Amino acid sequence: MGDSKVDVLVVGGGIIGLTLAHELQKSGRQVLLIEKGEVGFGCSYGNAGWITPCFAMPLPQPGMFLKSIGWLLNPESPLYIKPQPSWLLARWMMSFLAAMNEKRLRESVAVLTDISKYSLTFYRELAGRAPQTFGFDQKGLLMVSATPQGLAAAEGEMRLMLERGIPGKLLSGEEIRQLEPSLKPLIRGGVYFPSEAHSEPLATVQAVAREFQELGGRVQPRTEVYDFEFADGKISRVLTTRGNFAPDLVVLATGTWSRRMARDLRVSVPILGGKGYSLIVDDFETKPAHPIMIVERKIAVTPRADSVRLAGTLELVDQDDGITRRRVNAILQGSEAYLHLRPQPQVKELWRGLRPCTPDGVPMLGFSKRHRNLFYSVGHQMLGLQSAPGSARLSADLILGRSPLTDPRPFRPERFE
Ligand SMILES: Cc1cc2nc3c(=O)[nH]c(=O)nc-3n(C[C@H](O)[C@H](O)[C@H](O)COP(=O)(O)OP(=O)(O)OC[C@H]3O[C@@H](n4cnc5c(N)ncnc54)[C@H](O)[C@@H]3O)c2cc1C
């Protein structure tokens, strides 16, 4: 059987692959997206659903060095790195530590907020025209804390974001409880970011997929890429479980599976999984009305139509998606300490996902040096939903030779390749 000729082949049907497929199709390319499972069931399935430019921060931040040593020793910490003799982890940690400086932070925050702000507008407009709701709601976001250190961290983040044009306001504990009565009296204060939004993550992927197909794009689920062939500095064939393809352009959007794909492509993509959990509960005495970040526990609380999603923890792993009960309990107990939950709430759904994390916390967006027709769109760490449409716009600008949405240099893949 002959290969199917394709203009653009996007590999990976998460929010990143779908938004880039959508943008390229809208811009006149003919796109086929293939996905090994069903669209939207990777890391894009159960995330906290936050579309919050105020959180457009990379994972490595100045002052984290001592903390990261503490995490190595404490499996209960919101960020955990299991000590293990691994060359991959050691190399990743070295780059991670090297990225913890003020200059890198400011460069990363500048471009990450640009693509996140673009994304917020994209989703708001999509919500206005989509025939079915995907839970988009622009209620703002509360960052709350019970400790002076947590308050100082929230205020520091607010000041950094004010410089990027993202409004935020300091509130006392009493003001916060008036706005959000679901919070317990131990809250000392926090910050209210009024412009932030949230949505249902899977429904959001599906809304983008629907519009992509209306634009003439094609989606082929249950199609797994298992190898590539090369000729003249390009990928000549993509071998999949449902036929082989000869594309003009291949877009890699395989999230946390990208390191494995990189082996077949003979390139370097140093992405590790940042394992996190989300729990859906509906046993509340007072149901939260706003998305809430509990600063010292790093727990994200998101209101849903009939329940609440509690998300948190980041454990650096390779491809391990096992469930650790102790870490799930830490989310539940942390939430019980701050919110008016009923005792021993039922968890209606428990989900875990692996955030695709580059060591410097900035995605890889750009052409490969090794294969001229390979474009990377991977490594969106904790920000994949909120940055996807902006990341897609910037990627399409680079692919189509348009003026870029923001400075593409921090995203250059050759910093790792
Ligand atoms: C607990 C938690 C909370 C989070 N909260 C938020 C949040 O509030 N806001 C936010 O912006 N981000 C959040 N994130 C991060 C966000 O979920 C990710 O950044 C985002 O989903 C990454 O999208 P992706 O498309 O790159 O990856 P994925 O959604 O994982 O998509 C990659 C796809 O590639 C497919 N694939 C892999 N290998 C192959 C192959 N060989 N052939 C074909 N297909 C393949 C996979 O099946 C998968 O569907 C959170 C993550 C977690 C874990």
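Please read all numbers here as calculations on a predicted model, not as lab measurements. Whatever order the structure lists them in is the order used to number ligands and atoms, beginning at 1. Excluded from the calculations below are hydrogen atoms, water molecules and symmetry mates; all remaining heavy atoms, backbone and side chain alike, are included.
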Less than 3.5 Å between some nitrogen or oxygen of [X] and one of ligand 1, yes or no?
{"X": "Ser278", "result": "no"}
{"X": "Met382", "result": "yes"}
{"X": "Ile16", "result": "yes"}
{"X": "Gly384", "result": "yes"}
{"X": "Asn47", "result": "yes"}
{"X": "Gly274", "result": "no"}
{"X": "Gln381", "result": "yes"}

| message | Before we go on, tell me: are the rings of Phe193 and His290 under 6.0 Å apart, centre to centre? | response | no
| request: Return yes when Phe41 approaches ligand 1 closer than 4.0 angstrom through a heavy atom, no otherwise. | output: no
| said: Is the contact between Trp50 and ligand 1 made by the side chain, the backbone, both, or neither, using heavy atoms and a 4.0 Å cut-off? | reply: both
Any atoms of ligand 1 less than 4.0 Å from a non-hydrogen atom of [X]? List them with their elements.
{"X": "Leu385", "answer": "10 (C), 11 (O), 12 (N)"}
{"X": "Ser44", "answer": "20 (C), 21 (O), 23 (O), 25 (O), 28 (P), 29 (O)"}
{"X": "Met261", "answer": "41 (N)"}
{"X": "Gln386", "answer": "10 (C), 11 (O)"}

| query | With sequence neighbours excluded, what pairs up with Thr302 under the side chain to side chain contact (heavy atoms under 4.5 Å, CB included) test? | reply | Ala48, Trp50, His198, Arg309
| query | Using 30° and 60° as the class limits, which term best fits the ring planes of His371 and Phe230: parallel, tilted or perpendicular? | reply | parallel
| message | Side chains of Ser258 and Thr254: any donor to acceptor distance under 3.5 Å? | response | yes
